[in-house]
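Naming convention: chains lettered A, B, ... in sequence-line order (proteins, then strands); numbering from 1 in each chain.
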Amino acid sequence: MRRAALAVALVALAAASPALAADHVVVLSNMRFGALPANLRVGDTITWENRDIVAHTASARDRSFDVTLQPHQARRITLRHAGPVAFYCRYHPAMQGELRVAAR
Amino acid sequence: MKTMFALGAIAALAIAAPAAAQAPTDPQIAHIAYTAGQIDVEAGRQALRISHNQAVRAFAETMVRDHEAVNRQALALVQRLHVTPEANATSTALTAQAAAARDRLSHLTGAAFDRAYVANEIAFHRTVNGALRDTLIPNAHNAELKSLLESGLALFTEHQTHAEHMAQALR
């Protein structure tokens with residue numbers, strides 16, 4: 001009975017976690033990373049959306065993520081670690097920013 | 001270094017001259033912008049043949065990638081608008097200056113090439129960005145052409161900053 005209760009609790013947890021994770025969008029346009037989302041938590045996802053006519057990358061300085069975005073392409077990453085994450089575009093290093101990710 | 005500034009100044013004069021005499025037309029503006037893009041693609045390819053410096057090569061790859069992308073857009077736009085880019089004194093002067101720069105750089109190797117390529121990129125982007133801001137964008141009549149030139153200016157301004165940072169690292 002206890003094992004069954006534990007199993008139910010685990011299933012409930014597993015089901016609840018993804019529901020809590022949020023997806024955020026960061027738009028790249030006119031050679032800038034747009035507004036960065038606040039209240040980021042581990043497990044959340046960020047969709048990087050490139051609206052420029054040239055390719056960009058969204059690359060973490062700690063290498064925790066690195067996506068290449070062709071013109072008008074969007075790609076999603078999952079935040080796996082808490083803490084500040086500085087990022088930049090490898091092709092255009094003047095484009096940069098910092099995400100602040102809280103533990104879940 | 002003096003040569004680089006001189007080259008930039010000549011190019012600036014060449015681009016500014018038609019504005020003083022007569023405002024460039026959209027077909028002429030399209031030709032100047034496209035020519036400037038092609039020049040930088042070729043400069044990037046030359047750097048990729050000669051340079052072994054990782055940062056310089058990455059920059060050159062970006063120049064080829066970005067200027068090709070913008071010129072693809074420019075070509076698609078002029079075709080859609082049924083505009084035929086028109087050769088003019090400015091684009092001819094730009095091409096001649098670029099050939100001279102390419103020839104001068106072809107005699108260099110190693111760090112000397114890297115420094116000269118990056119210095120030339122700074123001068124070239126400074127000139128083209130000035131021309132875009134002061135002459136080409138204000139005189140463009142077609143809204144889509146103007147918008148593409150404005151996107152180009154934001155992009156090439158970043159290229160100039162990138163090159164300026166690299167020049168400091170190469171000193």
Can you get from [X] to [Y] by hopping between Ile, Leu, Val, Met, Phe, Trp and Tyr side chains that sit under 4.5 Å apart?
X     : Y     : answer
B:L77 : B:I32 : yes
B:I50 : B:F59 : yes
A:F33 : A:V54 : yes
A:F65 : A:Y91 : no

So for B:H159, is it side chain, backbone, both, or neither that comes closer than 4.5 Å to the heavy atoms of chain A? side chain
Interatomic distance, B:T62 atom OG1 to A:H56 atom NE2 [nearest 0.5 angstrom]: 10.5 Å
Enter the distance from A:H92:NE2 to B:L155:CG here, rounded to the nearest 0.5 Å. 5.0 Å
Of all heavy-atom pairs between A:N30 and B:A154, which one has the smallest distance, and what is that distance? OD1-CB, 3.4 Å
Side-chain donor or acceptor of B:E158 paired with backbone N/O of A:M31 under 3.5 Å: no
Within a radius of less than 6.0 Å around CG of B:D103, do more than 12 heavy atoms belonging to other residues, nucleotides or ligands occur? yes
So which of B:R65, B:Q73, B:R72 has the largest heavy-atom pair count under 4.5 angstrom toward chain A? B:R65
